[in-house]
There are 2 protein chains.
Amino acid sequence: MLSKKSKYALRALLALARRPSEGPVLISELAEQEGIPKKFLELILLELKNNGILQSKKGKGGGYFLGRKPDAISLGEVIRVLDGPLAPLPCVSQTAYHACEECGDEATCGIRAVMKDVRDATSTILDRESLADVLRRTERLQQEKKKVLVYAI
Amino acid sequence: MLSKKSKYALRALLALARRPSEGPVLISELAEQEGIPKKFLELILLELKNNGILQSKKGKGGGYFLGRKPDAISLGEVIRVLDGPLAPLPCVSQTAYHACEECGDEATCGIRAVMKDVRDATSTILDRESLADVLRRTERLQQEKKKVLVYAI
DNA sequence: CATTACTCTACTAATAGAATAGGGAATATA
DNA sequence: TATATTCCCTATTCTATTAGTAGAGTAATG
């Protein structure tokens, strides 16, 4: 399960991605807009900044802004920063590999083989989908919903 | 990440699946063979039994045995019993759905759409792969390893 | 009826998740 | 250069979950 940290991070990043380079945005503004505890969001944004996903500016007129374009920030990257590896087992993680204790032989472990498939499927999706993709999906879903409403009249 | 509970459960179940209907197997035997704390394994096997994956027999000559054939027990089912839903968000779980708090509109949530893809990909794999499949995979991997060794001579 | 072996509830320790608190450091601007 | 603004950083708290332990209870067998 995704932690609240990751969920909050994604919501905040999407909120930033939705504003076309309006300049730095205040933590408090994002927190209020997205209904996230301000101090908690502070930690999250800081961690995103320390990992190059966000940039910041201090003092008056300061705030946070995206470190890259929305189509160059993948959900996988964000989730890895806040929740750690996507893999269901450490022995199939590409970004944080370490051997399972007590695993007789990794090369012939059937569980590992299946979990590697799971990892690959997950990261294929999450590393492909960017903030921009998610925004596009949201728009498309909103338009579909509108259509359904029109038909319903 | 998979919990130790799930990992232990899978190992114990695979150990049972490897024995062709040898009759009930003692908890203590499984625990020793797989290097799992006995009392902890006790809880796990009990839970698997209460969910129809295992059956048991009490008293002398008793023990645990599979409730169904190894090809009718999927990894997904086992993991759901011990770790809960596979879905990364409750709002995309098929087996344990509940709405995310504070989610404005589920129907148009882009994050949800991506996470639904992740859930589908994960459960497609884990609900398809059975204990029997995992054993077959292990065998295949062992044979490949042998081949490599032969070539290396 | 005694032994074997699962059943069940309760308890504990350690870790991770979800915050909260508060001072410090940098920046803009008056 | 003083001051308000805003991010930066460390520490602490509270709660839930994970991992494991303990021990009495129940059912089956011989």
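The sequence lines fix the lettering, A, B, ..., with proteins before strands; numbering per chain opens at 1. Keep in mind it's a predicted model, so treat the numbers as computed, not measured.
- By the 4.5 Å heavy-atom criterion applied to side chains, A:Val78 and A:Leu13 are counted as neighbours.
- Salt bridge B:Arg128/B:Asp133: absent, no basic N to carboxylate O contact under 4.0 Å.
- Ranked by how close their nearest DNA chain D nucleotide is to the 5' end, B:Lys38 and A:Lys38 are led by A:Lys38.
- The shortest distance between the side-chain N/O atoms of A:Lys60 and the OP1/OP2 oxygens of C:dA26 is not below 4.0 Å.
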Do A:Arg119 and A:Met115 pass the side-chain contact (heavy atoms from CB on, under 4.5 Å) test, and can you show the C-alpha distance, the side-chain angles, and the key distance before you say yes or no? CA-CA 6 Å; A:Arg119 191 218 83 94; A:Met115 292 307 162; over 6 Å; no
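- For the pair B:Leu2 CG and D:dT18 P, the interatomic distance rounds to 11 Å; values are reported in whole Å.
- If A:Ser3 and B:Leu43 are placed on DNA chain C by their nearest nucleotide, the residue sitting closer to the 5' end is B:Leu43.
- A donor-acceptor pair is defined here as one N or O able to donate and one able to accept, closer than 3.5 Å; no such pair exists between the side chain of A:Asn51 and the backbone of A:Ile53.
- Contact annotation: A:Ser56 side-chain N/O to D:dT6 OP1/OP2 distance is not under 4.0 Å.
- For the pair A:Gly61 and B:Leu45, nearest-nucleotide mapping onto DNA chain C gives the more 5' position to B:Leu45.
- Atom CD in A:Glu47 sits about 13 Å away from atom P in C:dA18, given to the nearest Å.
- Going from atom NZ of A:Lys4 over to atom C1' of D:dA16 covers 12 Å, rounded to whole Å.
- Rounded to an integer number of Å, the gap from A:Ile27 CD1 to C:dG22 P is 17 Å.
- Nucleotides of DNA chain D nearest to B:Lys58 and B:Asp83 differ in position, and the one nearer the 5' end is that of B:Asp83.
- A:Phe65 has its CZ atom 12 Å from the C1' atom of D:dC7, to the nearest Å.
- In terms of polar N and O atoms assigned as donor or acceptor, the side chain of A:Glu42 comes within less than 3.5 Å of the base of D:dC8 in a complementary pairing.
- Following rounding to the nearest Å, A:Lys49 (NZ) and D:dC9 (C1') show an atom-to-atom distance of 11 Å.
- Taking 4.0 angstrom as the limit, B:Tyr8 places none of its side-chain polar atoms (N or O) nearer than this to OP1 or OP2 of D:dA19.
- The nucleotide whose nearest atom lies closest to any side-chain atom of A:Leu26 is, among C:dA18, D:dT6, D:dT21, D:dT6.
- The separation between B:Leu30 atom CG and C:dA5 atom C1' is 13 Å, rounded to whole Å.
- With salt bridges taken as basic N to acidic carboxylate O contacts below 4.0 Å, none links B:Asp83 and B:Lys7.
- Classification of B:Glu77 and B:Arg80 as a salt-bridged pair fails, no side-chain N sitting under 4.0 Å from a carboxylate O.
- Side-chain atoms of B:Leu46 lie closest to C:dC8 of the nucleotides C:dC8, C:dT20, D:dC8.
- Between A:Lys5 and the phosphate of C:dG17, there is no side-chain N or O to OP1/OP2 separation shorter than 4.0 Å.
- Nucleic acid contact class of B:Lys39 (heavy atoms, under 4.0 Å, all strands): base.
- One interatomic measurement links the two molecules: CE of A:Met1 to P of D:dA16, which rounds to 17 Å at whole-angstrom precision.
- One finds no side-chain N or O of A:Ser28 lying less than 4.0 angstrom from the OP1 or OP2 phosphate oxygen of D:dT6.
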